[in-house]
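I have a structure I would like to understand better, so I am pasting it below and will then ask my questions one at a time.
These numbers come from a predicted model, not from an experiment. Residue numbers count from 1 along this sequence.
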Amino acid sequence: MKERAERLKTIKAIIKENRVDSQEKLLQLLEDHGYSVTQATLSRDLKFLKVGKLSDGRSGYYYSIPSEEERRESERHYIQDFLRGYVSIDWNQSLVVVRTFSGHSDSVALAIDNMGFDEVIGTISGRDNVVFIALKQGISGDEFIRSLKAKIPDFEEE
């Protein structure tokens, strides 16, 4: 199977060159380009690329890739949400716990989910002031913290 980065590049090219209105059609076009992936993998790739659906002005929708400026602006907002809500962070080998200011756990979890960390399986937002981040197998909390610092230069461990 070809590398994920190559597959993501191919997905972007397919969406830019074709009016793709469903994951089934996109899966078929990917297969035509030599990629055999599951629907779940494709969904993760679309989320990572921040692919959205736009109205065709009639009765349907098609996939669209945001411009680089739109992506950077969106990421700036997620970084601000994280920094605004973050209080402290602690971790072990497979789990990261972020304490947040009251009422900020949802926005901090959403920020982590949408910043596209390859190390993260997913997040769980607590009722009010905690976020649990599940890491992929083989990824340590230390590795995630390094990645977080790379993506959020203003981040400081408390």
Side-chain angles (χ1 to χ4, degrees), residues 1-83 85-86 89 91-98 105-125 131-155:
M1 184 187 250
K2 296 179 182 177
E3 296 271 337
R4 180 174 186 234
E6 293 176 24
R7 184 178 71 243
L8 293 173
K9 213 167 149 180
T10 302
I11 290 170
K12 286 170 71 172
I14 289 171
I15 290 173
K16 287 179 180 178
E17 296 167 7
N18 302 277
R19 187 164 283 234
V20 180
D21 59 2
S22 69
Q23 284 192 10
E24 293 78 23
K25 183 174 181 178
L26 185 52
L27 282 169
Q28 181 59 54
L29 291 168
L30 273 172
E31 199 161 293
D32 294 346
H33 283 82
Y35 295 93
S36 179
V37 298
T38 65
Q39 186 275 329
T41 297
L42 179 58
S43 289
R44 284 189 295 274
D45 288 349
L46 293 174
K47 182 177 180 181
F48 179 80
L49 292 170
K50 309 230 183 323
V51 171
K53 279 197 160 187
L54 297 176
S55 172
D56 66 7
R58 290 166 282 186
S59 61
Y61 293 86
Y62 63 94
Y63 288 115
S64 175
I65 301 275
S67 70
E68 279 308 308
E69 179 55 35
E70 290 170 323
R71 285 176 59 102
R72 283 191 297 275
E73 182 64 23
S74 178
E75 189 152 293
R76 280 192 292 270
H77 287 289
Y78 291 129
I79 288 169
Q80 289 172 354
D81 288 346
F82 179 87
L83 291 173
Y86 158 80
I89 193 164
W91 62 92
N92 63 23
Q93 282 306 105
S94 61
L95 184 67
V96 177
V97 178
V98 180
S105 60
D106 285 343
S107 61
V108 168
L110 184 64
I112 294 295
D113 287 340
N114 285 302
M115 282 193 276
F117 289 99
D118 287 333
E119 301 86 354
V120 174
I121 294 174
T123 62
I124 300 172
S125 174
V131 174
F132 297 95
I133 303 170
L135 302 176
K136 289 183 178 173
Q137 186 171 356
I139 300 294
S140 71
D142 290 327
E143 289 172 294
F144 173 74
I145 296 301
R146 280 193 294 279
S147 182
L148 185 65
K149 287 178 178 178
K151 200 167 281 243
I152 306 176
D154 294 336
F155 169 74

**Report entry** From Arg4 atom CZ to Asp45 atom CG, the distance as rounded to the nearest 0.5 Å
**Finding:**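 One gets 5.0 Å once the value is rounded to the nearest 0.5 Å.
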Requested in this report: Answer yes or no: are there more than 12 heavy-atom neighbours, outside Leu95 itself, under 6.0 Å from its atom CG?
Outcome: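 Atom CG in Leu95 is crowded, with more than 12 foreign heavy atoms closer than 6.0 Å.
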**Report entry** Side-chain heavy atoms of Val108 within contact of Thr123, under 4.5 Å
**Finding:**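 They are not in side-chain contact.
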Query raised in the report: Does the side chain of Phe82 reach to within under 4.5 Å of the side chain of Leu148, using non-hydrogen atoms?
Result: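 Contact flag for Phe82/Leu148 side chains = yes.
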**Report entry** Nearest non-hydrogen partners of Gln93 and Leu135, listed with the distance
**Finding:**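 It is O-CD1, 4.2 Å.
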**Report entry** Summary of salt bridge (charged side-chain N to carboxylate O under 4.0 Å, His left out) pairs that have at least one residue in residues 24-37, sequence neighbours excluded
**Finding:**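 Those involving residues 24-37 do not exist here.
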Query raised in the report: For Ser22, does its backbone N or O pair with a side-chain atom of Lys53 as donor and acceptor, under 3.5 Å?
Result: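 Between the backbone of Ser22 and the side chain of Lys53 there is no qualifying donor-acceptor contact (under 3.5 Å).
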Query - Nearest heavy atoms of Thr10 and Leu30, plus distance in Å - result: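 Scanning both residues completely, I find the closest heavy atoms to be CG2-CD2, 4.1 Å.
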Query raised in the report: Which is it for Arg76 and Glu73 under the salt bridge (charged side-chain N to carboxylate O under 4.0 Å, His left out) test, yes or no, and what are the steps along the way?
Result: CA-CA 5 Å; Arg76 280 192 292 270; Glu73 182 64 23; 2.5 Å; yes
Query raised in the report: Looking only at heavy atoms, which two atoms of Val96 and Gly141 are closest? And how far apart?
Result: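 Taking Val96 first and Gly141 second, the nearest heavy atoms are CG2-CA, 4.4 Å.
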Report task. Taking all non-hydrogen atoms of both residues into account, name the closest pair between Lys50 and Gly116 and its distance. Result ->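 For Lys50 and Gly116, the tightest heavy-atom pair comes out as NZ-N, 4.5 Å.
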Query - Main-chain N/O of Phe155 paired to Lys149 side chain as donor or acceptor, under 3.5 Å - result: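 Checking the backbone N and O of Phe155 against the side chain of Lys149, no donor-acceptor pair under 3.5 Å is found.
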Requested in this report: For the residue pair Ile15 and Leu49, establish whether any side-chain heavy-atom pair is separated by less than 4.5 Å.
Outcome: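 A side-chain contact under 4.5 Å is absent here.
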**Report entry** Any side-chain heavy-atom pair of Asn92 and Val97 under 4.5 Å
**Finding:**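 Of all side-chain heavy-atom pairs linking Val97 with Asn92, none is under 4.5 Å.
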Report task. Scan side-chain atoms only and decide if Arg44 and Thr41 contain a donor-acceptor pair under the 3.5 Å cut-off. Result ->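 Checked: Arg44/Thr41 side chains pair up, N/O donor to acceptor below 3.5 Å.
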**Report entry** Validation row: Asp118, Phe48 side chains within 4.5 angstrom (heavy atoms)
**Finding:**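 Contact flag for Asp118/Phe48 side chains = yes.
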Report task. Go through the side-chain N and O atoms of Glu143 and Ser147 and say whether any donor and acceptor fall under 3.5 Å apart. Result ->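 Per modelled atom types, Glu143 and Ser147 side chains form no pair under 3.5 Å.
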Report task. Find out whether Leu42 and Leu26 are in side-chain contact, i.e. whether some heavy atom of one side chain is under 4.5 Å from a heavy atom of the other. Result ->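 Leu42 reaches Leu26 side chain to side chain.
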**Report entry** ring-ring contact (aromatic ring centres under 6.0 Å, His included) partners for Phe117, two or more places apart
**Finding:**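 Partners of Phe117 by the ring-ring contact (aromatic ring centres under 6.0 Å, His included) criterion, ordered by chain and then number, come out as Phe144.
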**Report entry** Over 12 non-hydrogen atoms of neighbours within 6.0 angstrom of NZ in Lys9
**Finding:**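 At most 12 heavy atoms, drawn from other residues, nucleotides or ligands, come within 6.0 Å of this atom.
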